[in-house]
Amino acid sequence: MKKDLVLGGLVLLSLWLISGIQAVKRLQDVGFHGKQSNAQGHHSLVRGWSPYRNTWDEQLYPAWKAGDARWENCWRGGKVEALLTSDSPALIGSNITFAVTLRFPRCQKENDDGDIVYDRKCRNDSFSYQDQYVYNWTKWVDDCNEGNCTFINKFPDGRPFPPHPDWRRRNFVYIFQTLDQFYSLTGRSSAVLSINTTNITAGTQMMEVSVYRRDHRRHYPVAKASAMYIVTEQIPLYVNISQKNDRNSSDKIFIKDSPITFDVKLHDPSHYLAKAAVSFNWTFGDGSGSFVSNNPLSSHTYTLLGNFSLNLTVKAAIPGPCKPVTPTTFIPTTYTSSTTTAPVTSNSTGNSTDLPFTETAFVTTEGSNVTTAPTTETTTHIQTTPAAGCFIDRYGYYKANIRIVDGIVEVNIVEMTNVSPSEAQKSSIDFVVACQGSIPTDACTIISDSTCTIPQNEVCDEVVTTDECLVTLRRAFTGPGTYCVNITLGDDASLALASTLVSVSEGE
């Protein structure tokens, strides 16, 4: 009998332990978004974030799988959409920022108090506005002082909501998840989150967010979203290539004997490179050598025709903490007491440094024969103060292939002649236009008002091929006045412009 009671007690204890274990759920047990971990590489815990093993209060924060029927009725009057964006890609060490914006059903909006109301300016014939509010959180928090409320003020892992001056208006809970970690915050119909990428492995990662609306006893999921983001060891950049008279910069065809402008834009939204020393090393592929500058804007003129390969290397020396220096023991050196030895700079950390300030400690081991004049000493150089000027070097690269062709480099109106009334019904002028470079194939004239803002007439003609670039264009004017005349000569690769003001009087 006693043995049976003991066995029964053990069974009850086991059942209690099992039920207790099942009652404690963690983020990994809940199956956030119904997906398995998608983190690429090994990552340290992001500062301020919680690991997957933290507990998750599913009674307070229900986690519905995709396709669960409860999603259909989680919001009054329709479905809420969450739009998740980021300023990816991000250089390792910089911050990456994510923004979530909620899009409410038609005719719903958030008011200044953070409540969701019906927009009465929006026509919706299929729905009658029986109440102004979709969700009126202000009503049930009016008599609530922070920290003394009837509703729950904590996140899924039990951490309390942080205090905010506008806490009454923060009626949504945003739960971000990435790298097998999660972070929670409260907000209104939008939220912004920044994380540092120092401990994130370079590559493509996934950020997911679940949005809950607050309620008295529990919080209900209303939307979820996900977005890819990229962390890279190379400086993200793009180059804008432009040239005066170039007809189409996107085709990578440019004109000989005309400067091409290269404008390098570093993607650094968190200003991680603000204090970095940045250099730009160009090779233009035409045998002109390399061009190094600290200015992101540079230009180059090609004097030869053909195809060329551009190469750009951007180097950023970013001020950073110095790694501990390992003491280096040098081989014994022999010197007399009257000899002055300069300190030897030693740095075995792999840091890129300016010349550091060092203090040298001399550890002396004398030989057994102390009567010998020269003394043999073993000198150990130990850096006892941080080295000044330690940097983290990051690089970015750009390559492009361009084609250089003949083109119209310059256009000038060299002569204007009135056409006699016997030769033209309207007041007309012959424009003689000269150009440098290739022979144009078409000519267009736009006649506008005197301010050059309101076009009045546009005429385009094919240009008869000649041995020299000299074109005569006859253009008519509607009546007396001052006109702005823009003449463009073009070919397949280039388009050049010349402008002038013309005053036309009665009879002239």
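If you read the sequence from its start, that first residue is 1, and numbering goes on from there.
- Using a 4.0 Å cut-off between charged nitrogen and carboxylate oxygen, D461 and R475 count as a salt-bridge pair.
- Residues satisfying the side chain to side chain contact (heavy atoms under 4.5 Å, CB included) criterion with T198, sequence neighbours excluded, are N196.
- The side chain to side chain contact (heavy atoms under 4.5 Å, CB included) search around K244 returns none, not counting sequence neighbours.
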Item to check | Derivation of the side-chain contact (heavy atoms from CB on, under 4.5 Å) call for E458 and C460 | outcome: CA-CA 7 Å; E458 180 177 0; C460 292; 4.1 Å; yes
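- For the atom pair CG (L266) and CZ (R394), the distance works out to 14.5 Å, reported to the nearest 0.5 Å.
- Taking every heavy atom of both residues into account, C469 and I439 meet most closely at N-CD1, 3.7 Å.
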Next on the checklist: Could you walk me through whether V432 and D430 satisfy the side-chain contact (heavy atoms from CB on, under 4.5 Å) test, starting with their C-alpha distance in whole Å, then the side-chain angles of each, then the deciding distance to 0.1 Å, before giving a yes or no?
Outcome noted: CA-CA 7 Å; V432 180; D430 283 342; 5.6 Å; no
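- For the pair L489 and I408, the tightest heavy-atom approach, listed with the atom from each and the gap, is O-CD1, 3.5 Å.
- Side-chain polar atoms of S50 and D157 form a donor-acceptor pair below 3.5 angstrom.
- Within the 4.5 Å cutoff, no side-chain heavy atoms of C452 are placed close to those of S499.
- In this structure the side chain of F104 reaches within 4.5 angstrom of the side chain of V80, judged on heavy atoms.
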Cut-off 3.5 Å, no hydrogens considered: what does the side-chain donor-acceptor table look like for residues 253-263, sequence neighbours left out?
| residue | atom | partner | partner atom | Å |
| --- | --- | --- | --- | --- |
| D263 | OD2 | K265 | NZ | 3.3 |

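- The two residues F155 and P162 make their nearest non-hydrogen contact at CE1-CD, 3.7 Å.
- For the pair N412 (side chain) and A434 (backbone), a donor-acceptor distance under 3.5 Å is absent.
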Next on the checklist: side-chain contact (heavy atoms from CB on, under 4.5 Å) for C484 and T451? Distances and angles first, verdict last.
Outcome noted: CA-CA 7 Å; C484 174; T451 63; over 6 Å; no
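- The two residues T197 and S94 make their nearest non-hydrogen contact at OG1-O, 2.8 Å.
- The salt bridge (charged side-chain N to carboxylate O under 4.0 Å, His left out) check on D492 picks up nothing, with sequence neighbours excluded.
- Between A225 and A82 the shortest heavy-atom distance is CB-O, 3.4 Å.
- A donor-acceptor pair is defined here as one N or O able to donate and one able to accept, closer than 3.5 Å; such a pair exists between the side chain of S270 and the backbone of N95.
- No donor-acceptor distance shorter than 3.5 angstrom exists from the side chain of D119 to the backbone of K109, with no hydrogens or angles considered.
- Under the 3.5 Å distance criterion, with hydrogens and angles disregarded, no donor-acceptor pair is assigned to the side chains of D491 and T441.
- Judged as a salt bridge (charged side-chain N to carboxylate O under 4.0 Å, His left out), and not counting sequence neighbours, D246 has no contacts.
- Here the side chains of K252 and N401 are not in contact, with every heavy-atom distance at 4.5 Å or above.
- The two residues I92 and A202 make their nearest non-hydrogen contact at CD1-CB, 4.0 Å.
- When the salt bridge (charged side-chain N to carboxylate O under 4.0 Å, His left out) test is applied to R170, the partners found at least two apart in sequence or on another chain are D166.
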Next on the checklist: For Y398 and V314: C-alpha separation, side-chain torsions, deciding distance, then whether side-chain contact (heavy atoms from CB on, under 4.5 Å) applies.
Outcome noted: CA-CA 8 Å; Y398 172 81; V314 179; over 6 Å; no
N/O donor to acceptor pairs below 3.5 angstrom from side-chain atoms of residues 228-237, sequence neighbours left out:
| residue | atom | partner | partner atom | Å |
| --- | --- | --- | --- | --- |
| Y229 | OH | T178 | OG1 | 2.8 |
| T232 | OG1 | Q234 | N | 3.0 |
| T232 | OG1 | Q234 | O | 3.3 |

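- The side chain to side chain donor-acceptor pair (under 3.5 Å) contacts involving residues 182-192 comprise E110-R188, E110-S189, where partners must be two or more places apart or lie in separate chains.
- We find the CD1-CZ distance between I175 and F182 to be 7.5 Å, quoted to the nearest 0.5 Å.
- Residues passing the side chain to side chain contact (heavy atoms under 4.5 Å, CB included) test with S293 are F291, N295, sequence neighbours excluded.
- The closest side-chain heavy-atom distance from L310 to I241 is below 4.5 Å.
- Contact of the M416 side chain with the T500 side chain is registered, since non-hydrogen atoms from C-beta on lie closer than 4.5 Å.
- Atom CD1 of residue I487 and atom CD1 of residue I413 lie 4.0 Å apart, to the nearest 0.5 angstrom.
- Under the salt bridge (charged side-chain N to carboxylate O under 4.0 Å, His left out) criterion, the residue pairs touching residues 78-100 are E72-K79, E81-R103, with sequence neighbours excluded.
- You'll find the side chain of I195 stays beyond 4.5 Å of the side chain of F176, heavy atoms only.
- Here R169 contributes atom CZ and D112 contributes atom CG; the two are 8.0 Å apart, rounded to the nearest 0.5 Å.
- Using cut-offs of 30° and 60° for the angle between ring planes, the Y302 and H300 rings count as perpendicular.
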Could you pull out every donor-acceptor pair under 3.5 Å between side chains of residues 276-283 and any protein atom, sequence neighbours left out?
| residue | atom | partner | partner atom | Å |
| --- | --- | --- | --- | --- |
| W282 | NE1 | S298 | OG | 3.3 |

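- Contact of the V46 side chain with the N199 side chain is not registered, since no non-hydrogen atoms from C-beta on lie closer than 4.5 Å.
- For the pair W71 (side chain) and K65 (backbone), a donor-acceptor distance under 3.5 Å is present.
- Note that the OG atom of S503 and the OH atom of Y483 stand 9.5 Å from one another [nearest 0.5 Å].
- Taking L495 as the reference, R247, T488 meet the side chain to side chain contact (heavy atoms under 4.5 Å, CB included) condition, with sequence neighbours excluded.
- We find the CZ-CG distance between F431 and L473 to be 8.5 Å, quoted to the nearest 0.5 Å.
- Between L497 and V411 there is no side-chain heavy-atom pair separated by less than 4.5 Å.
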